[in-house]
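Per chain, numbering begins at 1; letters A, B, ... match sequence-line order. These numbers come from the heavy atoms of this one structure, side chains and all, not from hydrogens, waters or symmetry mates.
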Amino acid sequence: MGEVLVLVDHVEGEIKKSTFELLTAARALGEPAAVVVGGPGTATKLADGLREYGAEKIYVAETDAAGIGGEFLAPEVGVLAALVERVDPVAVLIATSADGKEIAGRLAVRTGSGWLNDVVAIDGDGAEISTEHSVFGGAWTVQSKANTGHPVVTVRPGSVEPEPAAGAGVEETVDVPAAGRGATVVSREPVTTGERPDLGEASVVVSGGRGVGSADQFTVVEALADSLGAAVGASRAAVDSGYYPHQFQVGQTGKTVSPQLYIALGISGAIQHRAGMQTSKTIVAVNKDPDAPIFEIADFGVVGDLFTIAPQLQEEVARRRS
Amino acid sequence: MNIVVLVKQVPDTYSERRLRGDGALDRDASDAVLDEINERAVEEALQLKEAHGGSEVTVTVVSMGPDRATEAIRKALSMGADAAVHLTDEGLAGSDAVGTARALAGAIGTVGPMGSGGVDLVLAGNEASDGRSAAVPAMVAEVLGLPALTHARQVTVEGGSVTVRRETDDGVVTLSAELPAVVSVNEKINEPRYPSFKGIMAAKKKPVTTLSLAAAGLDAAQVGAAAALTSVVSATPKPPKSAGEKVVDDGDGGTKLAAFLVAQKLI
Ligand SMILES: Cc1cc2nc3c(=O)[nH]c(=O)nc-3n(C[C@H](O)[C@H](O)[C@H](O)COP(=O)(O)OP(=O)(O)OC[C@H]3O[C@@H](n4cnc5c(N)ncnc54)[C@H](O)[C@@H]3O)c2cc1C
Ligand SMILES: Nc1ncnc2c1ncn2[C@@H]1O[C@H](COP(=O)(O)O)[C@@H](O)[C@H]1O
């Protein structure tokens with residue numbers, strides 16, 4: 001069985017959940033081989049976790065160039081390109097993210113591989129890889145296949161259920177190829193993870209739109225979210241009006257979310273907003289306009305003022321929880 | 001300084017977007033517009049031009065797409081870009097991301113050699129609203145051997161180098177590189193200007209060079225459907241979600257909502 005290279009996504013010594021999903025998917029295609037690219041000492045912290053999810057091999061590429069002053073994403077692309085050449089893998093799996101897509105695209109150019117982007121399901125028996133994609137905000141399903149060996153596959157986080165399985169995890173140190181003419185990392189701001197669940201992974205999302213009216217009044221959205229243990233989202237109009245930060249934008253040009261429950265407060269439901277949330281299992285909307293398009297896709301809609309309905313719902317939630 | 005802006009015509013996101021069985025866009029199903037993110041890329045180029053002596057900076061838009069992409073190109077010209085290159089050839093149909101990157105690299109090459117006196121900066125959108133690869137700019141950079149500074153919320157060009165503030169879900173990074181370089185912008189970078197009447201009239205006289213594959217120095221075996229490294233097997237629409245119950249608040253809207261969520265076992 002051929003190797004399936006899995007690029008390990010990690011932050012501050014922790015493996016991201018998406019990597020366990022990739023290792024799980026890799027097992028069905030061939031022999032999972034984790035690729036760790038990071039600063040000196042990274043692999044030691046990650047190796048046990050990778051073995052628990054079935055990594056048979058762990059390629060260790062440690063370099064100072066993975067940090068400040070190094071070339072942005074060049075170590076990842078360079079190490080993967082060298083491994084593709086050497087082991088001719090069945091596929092290279094990378095989690096879909098801004099960095100993941102950039103690594104994948106550059107790798108595909110460099111190795112002349114097909115790139116199957118943002119897949120939600122992957123199938124293959126070693127000879128041919130085929131994939132499923134959800135496009136236009138989930139309105140269409142596309143089946144694709146690779147026409148080359150060693151395709152690069154970016155897999156959407158959350159589309160594979162991670163399952164532990166023991167792997168030998170034999171470590172092998174590999175070289176980081178010399179940098180080319182890339183962009184230099186001047187500084188990096190730490191990713192601020194708040195108290196709330198991650199928007200992309202949360203099972204409940206409460207979003208506010210322009211109808212919330214101001215940044216201060218967004219506390220109404222946050223309070224309901226907190227009572228439900230939910231993440232907070234926002235429409236682009238709310239973000240553009242300065243009510244809520246950009247990283248919480250849901251929609252065509254923001255995040256795509258697919259929670260069990262999505263609550264839209266004061267959001268009209270423009271097609272570009274729907275593109276980011278219409279695959280949610282259950283959608284609930286509060287809007288004072290009975291003709292707001294959000295009601296067309298809402299499983300339950302309340303026509304009325306969010307400033308009375310949201311607090312009332314919050315009270316009901318609290319009452320049932322106590 | 002010479003700036004190239006990569007612009008793409010896309011189906012209007014306000015209209016319904018459809019695919020054909022082979023996965024290609026059904027271009028007759030929706031209106032086509034200059035992608036909004038590319039208006040922002042053009043705006044950034046124009047702001048850089050204004051900040052760097054105006055007449056000494058030339059902004060050329062480069063687009064690959066069918067004949068009717070000229071409408072999107074005219075829009076960019078009416079905003080204030082100086083000239084355009086339109087790469088259009090039957091042989092490009094069905095190109096995948098790698099093919100697109102190679103083709104765009106070829107088209108950029110017709111504007112001038114990379115580097116001083118030629119092309120100094122290539123600007124692009126961070127993600128097209130139709131394909132959403134969000135990687136073509138970095139892939140073009142890879143083909144051209146240039147640094148890629150992507151997802152910029154802020155761009156500064158000074159003394160032969162470019163610095164960007166890159167904002168994504170993966171964090172905030174400041175990147176810098178010597179020119180020539182490729183920069184892609186995110187949707188928060190600026191508010192694009194509206195073309196003025198004067199701009200619209202002037203655009204009609206601006207030069208648009210139409211390129212075939214051969215004229216862009218491209219080998220037909222490297223681009224298009226035949227060379228595509230991936231293929232679409234099928235494309236099917238999903239049944240749209242239908243509306244459920246809707247109640248008008250009578251003072252108990254929140255309570256009714258809670259009852260619905262309880263019935264669905266969601267709280
Ligand atoms: C290329 C492109 C990309 C885009 N990407 C995105 C995207 O990623 N995400 C996104 O969200 N949008 C996106 N948009 C913008 C989109 O078209 C809409 O403009 C936006 O979603 C509207 O946000 P909204 O619903 O909050 O505001 P509005 O459309 O202004 O709606 C506000 C709603 O609040 C209701 N309301 C007001 N007060 C109250 C109250 N007290 N109680 C209850 N209801 C109240 C009103 O009835 C109204 O329906 C994009 C547009 C384009 C062109
Ligand atoms: N066919 C094309 N013609 C010109 N520019 C393009 C084309 N495809 C992609 N681009 C550029 O690359 C950016 C990102 O696109 P993508 O990587 O496809 O999401 C776009 O906003 C454009 O600037």
Side-chain angles (χ1 to χ4, degrees), chain A residues 72 97-99 101-102 104-106 108-110 113-117 130 136 138-148 181-189 191 228 246-247 252-253 260-261 271-272 278 282 284 295-305 309-310 312-313 316-317 320, chain B residues 13-14 17 19 23 96-98 101 129 133-136 138-139 142-143 145-151 163 168-177 181 187-188 228-238 241 243-249 253-258 260-262 264 266-267:
Chain A
F72 188 59
S97 70
D99 291 1
K101 287 178 172 195
E102 192 161 334
R106 287 168 59 178
V109 169
R110 208 175 288 182
S113 320
W115 172 26
L116 296 155
N117 184 17
S130 47
F136 296 153
W140 285 71
T141 302
V142 171
Q143 307 284 344
S144 310
K145 66 179 177 60
N147 301 328
T148 66
R181 220 179 91 57
T184 307
V185 180
V186 178
S187 65
R188 212 178 255 282
E189 288 171 29
V191 189
L228 292 161
H246 181 211
Q247 77 241 49
Q252 162 90 42
T253 46
Q260 294 297 318
L261 173 62
I271 197 163
Q272 298 93 347
Q278 64 197 1
T282 300
V284 157
F295 289 128
E296 291 163 17
I297 56 161
D299 299 284
F300 195 86
V302 184
V303 181
D305 187 354
I309 295 162
Q312 192 176 65
L313 171 59
E316 285 291 323
V317 173
R320 280 167 210 274
Chain B
T13 54
Y14 286 103
R17 294 175 294 173
L19 295 173
D96 60 0
V98 174
S129 61
S133 321
V136 165
M139 295 165 81
E142 185 74 32
V143 176
L146 298 183
L149 303 86
T150 52
H151 302 277
T163 304
T168 69
D169 287 349
D170 297 324
V172 177
V173 187
T174 302
L175 298 174
S176 115
E187 94 174 312
K188 297 297 171 221
L229 310 173
T230 62
S231 317
V232 170
V233 179
S234 68
T236 35
K238 276 203 211 132
K241 206 167 174 358
E245 196 181 342
K246 183 164 76 177
V247 300
V248 176
D249 181 32
T255 313
K256 281 189 176 146
L257 194 43
F260 170 80
L261 296 178
V262 169
Q264 300 292 312
L266 286 163
I267 54 174

Derivation and outcome, side-chain contact (heavy atoms from CB on, under 4.5 Å), residues A/Phe300 and B/Leu257
CA-CA 7 Å; A/Phe300 195 86; B/Leu257 194 43; 3.3 Å; yes

Using modelled atom types and a 3.5 Å cut-off, is there a donor and acceptor pairing between side-chain atoms of A/Trp140 and backbone atoms of B/Arg17?
yes

What part of A/Ala298 lies closer than 4.5 angstrom to a heavy atom of chain B: side chain, backbone, both or neither?
backbone

Most contacts with chain A, counted as non-hydrogen pairs under 4.5 angstrom, among B/Val143, B/Leu19, B/Val136
B/Leu19

Residue part contacting chain A, namely of B/Leu146, when any heavy atom lies under 4.5 Å:
both

Heavy-atom contact with chain B under 4.5 Å, split by part of A/Ser113
backbone

Can you name the closest pair of heavy atoms from B/Ala177 and A/Ala183 and give their distance?
CB-CA, 4.2 Å

So, the part of B/Phe260 with a heavy atom under 4.5 Å from chain A: the answer is side chain

Please rank B/Ala148, B/Ala181, B/Gly253, B/Gly171 by heavy-atom pairs under 4.5 Å with chain A and give me the top one.
B/Gly253

Considering all heavy atoms of both residues, which atom of A/Gly182 and which atom of B/Pro147 are nearest to each other, and what is their separation?
C-CB, 3.4 Å

Give the minimum heavy-atom separation between A/Val186 and B/Leu175, together with the two atoms involved.
CG2-C, 4.2 Å

Between B/Thr168, B/Val247, B/Val98, the one whose heavy-atom pairs under 4.5 Å with chain A are most numerous
B/Val247

Do the side chain of B/Glu142 and the main chain of A/Val109 share a donor and acceptor less than 3.5 angstrom apart?
no

Working to the nearest 0.5 Å, report the span between CD1 of B/Ile267 and CG of A/Leu313.
6.0 Å

Select, from B/Ser129, B/Ser234, B/Ala138, the one with the greatest count of heavy-atom pairs under 4.5 Å involving chain A.
B/Ser234

Would a 4.5 Å heavy-atom cut-off, applied to side chains only, mark A/Val302 and B/Lys256 as touching?
no

Could you tell me the separation between the NZ atom of B/Lys246 and the CG atom of A/Asp299, rounded to the nearest 0.5 Å?
14.0 Å

Please assess A/Gln272 against B/Thr13 for the test side-chain hydrogen bond (donor to acceptor under 3.5 Å, both in side chains), listing each intermediate value before the final yes or no.
CA-CA 7 Å; A/Gln272 298 93 347; B/Thr13 54; 2.9 Å; yes

Under the criterion side-chain hydrogen bond (donor to acceptor under 3.5 Å, both in side chains), I'd like the reasoning laid out for A/Asn117 against B/Ser133: C-alpha separation, chi angles, the key distance, then a yes or no.
CA-CA 7 Å; A/Asn117 184 17; B/Ser133 321; 4.7 Å; no

Looking at every non-hydrogen atom in both residues, tell me the closest pair between A/Glu316 and B/Thr255 and how far apart they are.
OE2-CG2, 3.7 Å

So what's closer than 4.5 Å to chain A heavy atoms on B/Glu187: side chain, backbone, both or neither?
side chain

Are A/Glu102 and B/Met139 side-chain neighbours, meaning at least one heavy-atom pair lies under 4.5 Å?
no

For chain A, the option from B/Ala235, B/Pro237, B/Gly244, B/Ala101 that forms the most heavy-atom pairs under 4.5 Å:
B/Pro237

Looking at B/Val262, B/Thr163, B/Thr236, which makes the most heavy-atom pairs under 4.5 Å with chain A?
B/Thr236

Taking A/Gly114's backbone N and O only, do any of them form a donor-acceptor pair with B/Asp96's side chain (distance below 3.5 Å, no angle check)?
no

Between CG on residue B/Asp170 and CG on residue A/Asp99, distance to nearest 0.5 Å:
4.0 Å

Residue part contacting chain B, namely of A/Gln252, when any heavy atom lies under 4.5 Å
both

From the options B/Val172, B/Val173, B/Thr174, select the one residue that forms a side-chain contact (heavy atoms from CB on, under 4.5 Å) with A/Ser187.
B/Thr174

Nearest heavy atoms of A/Asn147 and B/Ser231, plus distance in Å:
ND2-OG, 2.7 Å

Separation of B/Leu261 CG from A/Thr282 OG1 (nearest 0.5 Å):
8.0 Å

At a heavy-atom separation under 4.5 Å, does A/Ile271 approach chain B through its side chain, its backbone, both, or neither?
side chain

Portion of B/Ala97 that has a non-hydrogen atom of chain A nearer than 4.5 angstrom
side chain

Output yes when a side-chain donor or acceptor of B/Asp249 lies under 3.5 Å from a complementary backbone atom of A/Val303, and no otherwise.
no

Side chain from CB out, backbone as N, CA, C, O: work out which of these in A/Arg181 comes under 4.5 Å of a heavy atom of chain B, or both, or neither.
both

Engaged part of A/Val284 at the chain B interface, taking heavy atoms whose separation is under 4.5 Å
side chain

Report which part of A/Ala139 has an atom under 4.5 Å of a heavy atom belonging to chain B: side chain, backbone, both, or neither.
backbone

Picking from A/Ala108, A/Ser97, A/Gly304, which has the most non-hydrogen pairs under 4.5 angstrom with chain B?
A/Ser97

Distance-only, no hydrogens or angles: does the A/Gln278 side chain make a donor-acceptor pair with backbone N or O of B/Lys241 under 3.5 Å?
no

